[in-house]
Every structure is written in structure tokens, then in C-alpha cells.
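Reading through the C-alpha cells given below for one structure.
On a predicted model such as this, the values are computed, not experimentally measured, just so you know.
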Amino acid sequence: MTPKALSLRTQGRFSDSHELSELVYSASNLLVLLNDGILRKELRRKLPVSLSQQKLLTWLSVLECVEVFMEMGAAKVWGEVGRWLVIALIQLAKAVLRMFLLIWFKTGIQTSPPIVPLDRETRAQPLDADHKPGSQEPSYVGKRSNRVVRTLQSSPSLHARHWGAPQQWEIRQKQQQEELSTPPTSLGLQETIAESLYIARPLLHLLSLGFWGQRSWTPWLLSGVVDMTSLSLLSNRKSLTRREQLELRRRTILLLYYLLRSPFYDRFSEAKILFLLQLLADHIPGVGLVARPLMDYLPSWQKIYFYSWG
């Protein structure tokens, strides 16, 4: 059983099920991060960045892995004051790391996750002596189906075998290798300001919460304006890498989270979302298996800062 599957099964079985499941999930993410680092070292496929930048990215990744669990643990041990103190410290540390990466290392538009997980199907494949990058595998093309099939004579050893069509696998491997080795797009003054706004938005939101309170509309509106301004300043940039374009698309989609953020959620969204989930669960067979647990978990999810605002 994988750690992520175990984290789902622990929900509701213990009095501290949320904390326990989040601990398992955070531990699984840390193990993936550690395992990827070991694999890259063994395969001599280091990240295309300097050692100092790699350390900053690693620390940023670790913070993103454990932030939810640390928030929940702080609330359990020290109460609301400790919870908000931990949230502020984590957001401050993340903002400092990201600003250092942006200004000093010129990382451009920073993507999430900071370190791309290793694709074990294409990058972690050991290469046999008979199968090296650029080499053509003898293959057979079906006359009627046009399906490409590897011949038995060209099949690599079992530990290095992949199960896709030879040409497709090599094209995918080449594309992903080029994507990793492509340097980030250099940002001008406007784009740097936009990325700085995106990095500073969590701190601005926390400061506004402390000044106006959690029930005020001002933090919600201020955060939305900062997010929209950052995206609009970056949207005019055309020469972006594929990863950077995907990151901007992800940030745009995440604007939907404002429907689940207080006070908008408390006053408008909650009743409508729960009614829709209940309607789907009652009238569409099978949907209730997902909708009803989601209805039970949504109030708890919405109260965790790093779920909705992180």
C-alpha cells in the first residue's frame, strides 16, 4: 500500500484522522523528493542549476511538502495564536527563498512544484550498450494498422525495457530532456514586478488579515487584485517556455479558489456548493461515493489556510 493511499484510508478511523492523514501525505511527498534526488545522483542527471540554487529549491520544496501538517500540528499544540505564527513564518520563509531565486539567480517565472518530479518512465531508464540516445531501434510497421512494433532482436534487457512504440518513446524522452535543459525566460522590469507581486501576495494577505480581521472583505479583495494584476502583467509575454506557460495557466485556474475562500465562501458559495453536491449525489448513480465524503470534508478543508490560500 502506498503512503498516499494509506493517508486516504486513515480519514475517519482515528480521532486525529486529519492530522494523521496529512502526516502520511507529507511524509510520502518528502520520500518522493528524497528518492528523486538519489535517482538523479545515481543516474548522473543533476538539475540544470547551480548547487546553491538547487539547495534553495530543495528547501522550498520541503516547506511546500510539510506546510499543511505544520499548520495543523501548531493548531493542535499551541492553539490559534501558534497556528497563525507558524503560517506567517512559513510564508515569510517561502517569500524570501522565492525572491532570492528571482533576483539573484534570475529564475524567471517560478513554477510549482519548485523541483519537477523525476519521470521514471523516460528519464530514469538505464541505457544498455545497444540502446543509446539517438540510436534507431529496428522495428516492424503493420501494413494495415500502421502500428509500430519492436522486433525481438532489438528488445533491450528487462530492467531497461519500455513498453511504448520506439519512435514515440524516443521523441517523448527528447522533448522532456529539452524542456528540462531550456533556461528560464529572462524577465524585464514589468515581468519582474509581476512575479514579485505574486511572491509577495501571501504576506500582503496575512498583513491585511491582521489589520482588518478574518471577516473583512478587504484581505479577500486585496489578494484578488494582486493576483489579477500579476497575471495581467505577465499575459503579454509571448516567448515563454512550455513549463512557464503551464504555470501561468495553473495560476489562472487557481483563481477559482476565491469561490472557496472566506468571506465569499461563508456568505455565498457554501450553501450553493453543498446543494449542488447533494443534488448530484441523490440523482446520479455512483457520484455519491465521491460527493458525500467531499461534502463532509469541505468544511474542514476550507478552514486550513494552506489548502485555500497557500
* **Flag, side chain of Glu19 to backbone of Gly73, donor-acceptor distance under 3.5 Å** => no
* Asked: Hey, are the side chains of Tyr258 and Ser223 touching, using non-hydrogen atoms and a 4.5 Å cut-off?
  -> yes
* **Cluster link Leu63 to Ile304, ILVMFWY, side chain under 4.5 Å** => yes
* Minimum side-chain heavy-atom gap Ser112-Glu64 below 4.5 Å -> yes
* To do: Ignoring hydrogens and angles, tell me if any N or O in the side chain of Ser230 forms a donor-acceptor pair with the backbone of Val226 under 3.5 Å.
  => no
* **Heavy-atom donor-acceptor pair, Thr185 side chain to Ser239 backbone, under 3.5 Å** => yes
* Asked: Do side-chain atoms of Glu22 reach the backbone of Met72 as a donor and acceptor pair under 3.5 angstrom?
  -> no
* Asked: Taking the side chain as C-beta and beyond, is there a heavy-atom pair between Phe306 and Ile90 under 4.5 Å?
  -> yes
* To do: Answer yes if the ring centres of Trp220 and Phe268 are under 6.0 angstrom apart, and no otherwise.
  => no
* Are any side-chain N or O atoms of Thr107 and backbone N or O atoms of Leu101, one a donor and one an acceptor, separated by less than 3.5 Å? -> yes
* **Crowding at CH2, Trp78 (>12 non-hydrogen neighbours, <6.0 Å)** => no
* **Atom CH2 of Trp217 with >12 non-hydrogen neighbours under 6.0 angstrom** => yes
* Structure fact -> Connected to Leu276, directly or through other members, by ILVMFWY side-chain contacts below 4.5 Å are Leu280, Ile284, Val287
* Asked: Do Ser308 and Leu260 pass the side-chain contact (heavy atoms from CB on, under 4.5 Å) test, and can you show the C-alpha distance, the side-chain angles, and the key distance before you say yes or no?
  -> CA-CA 7 Å; Ser308 56; Leu260 300 175; 5.7 Å; no
* Rounded to the nearest 0.5 Å, how far does CZ of Phe69 lie from OG of Ser21? -> 10.0 Å
* Validation row: Asn35, Leu39 side chains within 4.5 angstrom (heavy atoms) -> yes
* To do: I would like to know whether Trp84 and Leu206 meet side-chain contact (heavy atoms from CB on, under 4.5 Å); could you show each step before the answer?
  => CA-CA 9 Å; Trp84 284 108; Leu206 285 174; 3.8 Å; yes
* **CE (Met228) with more than 12 external heavy atoms under 6.0 Å** => no
* **same_hphob_cluster(Leu255, Tyr265) at 4.5 Å side-chain heavy-atom cutoff** => yes
* Asked: Does one hydrophobic cluster hold both Leu298 and Leu259, with members joined at side-chain heavy-atom distances below 4.5 Å?
  -> yes
* Any donor-acceptor pair under 3.5 Å linking the side chain of His283 with the backbone of Leu279? -> yes
* Counting distance only, does the side-chain N/O of Ser208 pair as donor-acceptor with the main-chain N or O of His205 below 3.5 Å? -> yes
* To do: Check Arg83 against Tyr305 and note the closest heavy-atom contact, atom names and distance.
  => NH2-N, 3.7 Å
* Asked: With a 6.0 Å cut-off on ring centres, are Tyr257 and Trp309 close enough?
  -> no
* Any pair counted as salt bridge (charged side-chain N to carboxylate O under 4.0 Å, His left out), so long as it reaches residues 245-271, sequence neighbours left out -> Glu195-Arg251, Glu247-Arg250, Glu247-Arg251
* Structure fact -> Nearest heavy-atom contact between Pro114 and Arg243 is O-NH2, 4.5 Å
* **Between CH2 on residue Trp59 and CG on residue Leu97, distance to nearest 0.5 Å** => 9.5 Å
* Structure fact -> CD1 of Ile38 to CG of Leu33, rounded to nearest 0.5 Å, is 10.0 Å
* Structure fact -> When rounded to the nearest 0.5 Å, the distance separating NZ of Lys55 from OG of Ser50 is 10.0 Å
* Asked: How long is the span from the OG atom in Ser28 to the CG atom in Leu23, to the nearest 0.5 Å?
  -> 10.0 Å
* Show your reasoning for whether side-chain contact (heavy atoms from CB on, under 4.5 Å) applies to Ile103 and Thr192. => CA-CA 8 Å; Ile103 303 301; Thr192 302; 4.3 Å; yes
* **Verify same cluster id: Leu56, Trp104 (apolar side-chain graph, 4.5 Å)** => yes
* Asked: Do side-chain atoms of Gln110 reach the backbone of Arg98 as a donor and acceptor pair under 3.5 angstrom?
  -> yes
* **Stepwise side-chain contact (heavy atoms from CB on, under 4.5 Å) test for Leu233 and Thr229** => CA-CA 6 Å; Leu233 291 175; Thr229 302; 4.0 Å; yes
* For the atom pair CG (Leu34) and SG (Cys65), what is the distance rounded to the nearest 0.5 Å? -> 11.0 Å
* Asked: Mind checking whether Ile199 and Leu102 have side chains closer than 4.5 Å, heavy atoms only?
  -> yes
* Decide yes or no for Leu246 and Thr111: does some side-chain heavy atom of the first lie under 4.5 Å from some side-chain heavy atom of the second? => no
* Asked: Just wondering, do Tyr307 and Gln302 contact through their side chains at under 4.5 Å, heavy atoms?
  -> no
* **Leu234 vs Glu244 side-chain heavy atoms within contact, under 4.5 Å** => no
* Can you hop from Leu209 to Leu221 via hydrophobic side chains spaced under 4.5 Å? -> yes
* **Any donor-acceptor pair under 3.5 Å from Ser216 side chain to Gly213 backbone** => no
